[in-house]
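Below you'll find the structure, written out as structure tokens, and then a few comments.
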Amino acid sequence: MPGGRLTQQDRRDIAAGLAKGLGYAEIARRLSRPTSTVSREVSRNGGPGAYRAERAHQATERRARRRKQTSRSAPPAANTAYGRDPEEMREFTERLVETLVQTGVQRMASRVLACLYTTDTGTLTAKELAQRLQVSPASISTAVAYLEEQELIRRDRDPRRRRELYSVDNALWYRSFLASAQRNFLLAETARDGARVLGATTPAGARCEFVGEFLRLTGEDILQTAERWRHLLIPQALDNPE
């Protein structure tokens, strides 16, 4: 399987395949590339209906130029340890940020989360985050507050240096799943109240009744899934959240 970046001709072939109605897997097979490479390329550049080869190639070149400019002024990244390739790490981190944004996470919060997840310790201070991302402490504070609300990061205090530490670990995804289920149950209860107020036999009431039941069932599914895979997480982190 060939390595390296997609060429301009690769992108033209992707556009041609999309125009023919081919799926990502078939396009990838014809290019001898991983399916994830094709799907990522298309989603990053407007999706199947808006993908244009020339525009995608120009956008990629612009991103590459920005990365080179940033690398000249940015401090050395800690995630290049263990012989990792700095360019590959920058590209992966950028892709992780874009993926998080597509799932609904705010952009600055996505950058903070990606920064923590690509740090071997999984823990950074607000000052370190601001330096690595080259943003203001206020931006970090806002992003951290959002991520804490979603239970995607943990805030600890270093008693020796009187500073706050922000961390990620496997158990956080478990807690985030639980928080998502609780939000579903809350919305389900509100929707059921709406059905009662509007009248369950009315169109609006029936709609609320359906939404309430759907959210209740999906919330239960989330809880069951989280509990089923709980054993994959660190038991101590779950039993001792503090």
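Position 1 is the first residue of the sequence; numbering continues from there. Below, each value reflects all heavy atoms present in this structure, side chains not excepted, and no hydrogens, waters or symmetry copies.
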| Any ion pair linking E54 and R12 (charged N to carboxylate O, less than 4.0 Å)? | yes
| field | Charged N-O contact under 4.0 Å between E87 and R90 | value | yes
| R44 and E94, any side-chain heavy atoms less than 4.5 Å apart | yes
| Pick from V42, L6, L31: which one makes a side-chain contact (heavy atoms from CB on, under 4.5 Å) with R11? | L6
| query | For E41 and Y51, what are the C-alpha separation, side-chain angles and deciding distance, and is it a side-chain contact (heavy atoms from CB on, under 4.5 Å)? | reply | CA-CA 9 Å; E41 166 70 14; Y51 184 83; 2.8 Å; yes
| Thinking salt bridges, do D13 and R30 make one under a 4.0 Å N-O criterion? | no
| query | With no hydrogens and no angle check, is any side-chain donor or acceptor of E26 less than 3.5 Å from a backbone partner on G23? | reply | no
| field | Sub-4.5 Å side-chain heavy-atom contact between K127 and R163 | value | no
| task | Answer yes or no: is there a donor N or O on one side and an acceptor on the other, between the side chain of D10 and the main chain of T7, under 3.5 Å? | result | yes
| said: When you compare the side chain of T142 with that of M108, does any pair of heavy atoms fall below 4.5 Å? | reply: no
| field | Test item: R155 side-chain N/O and E164 main-chain N/O as donor-acceptor pair under 3.5 Å | value | no
| field | L133 reachable from L116 in the ILVMFWY side-chain graph, under 4.5 Å edges | value | yes
| said: Would you say F185 ends up clustered with L178 if hydrophobic residues are merged whenever their side chains have heavy atoms under 4.5 Å apart, either directly or through other cluster members? | reply: yes
| Side-chain heavy atoms under 4.5 angstrom apart, residues restricted to Ile, Leu, Val, Met, Phe, Trp, Tyr: same cluster for L22 and Y24? | yes
| request: May I ask you to decide if M89's main-chain N or O and T93's side chain share a donor-acceptor pair within less than 3.5 Å? | output: yes
| field | Path from V112 to V97 over hydrophobic side-chain contacts below 4.5 Å | value | no
| task | Say whether T190 and D193, considering side chains only, have a donor N or O and an acceptor N or O under 3.5 Å apart. | result | no
| request: Quickly, which of T118, L100, L96 forms a side-chain contact (heavy atoms from CB on, under 4.5 Å) with L113? Name it, please. | output: L100
| message | Taking the side chain as everything from C-beta on, heavy atoms only, tell me whether Q150 gets closer than 4.5 Å to L147. | response | no
| said: Any heavy-atom pair between the side chains of R55 and N45 that's under 4.5 Å? | reply: no
| note | Rounded to the nearest 0.5 Å, the OG atom of S180 sits from the CD atom of E151 at a distance of 10.5 Å
| So if you build clusters from Ile, Leu, Val, Met, Phe, Trp, Tyr with side-chain heavy-atom gaps below 4.5 Å, do Y117 and V105 land together? | yes
| N/O donor-acceptor pair under 3.5 Å between T119 side chain and T121 backbone | no
| If you measure only the distance, is there a donor-acceptor pair under 3.5 Å linking the side chains of E227 and Y174? | yes
| task | Inspect the contact between R111 and E98 and indicate whether a charged nitrogen and a carboxylate oxygen are less than 4.0 angstrom apart. | result | no
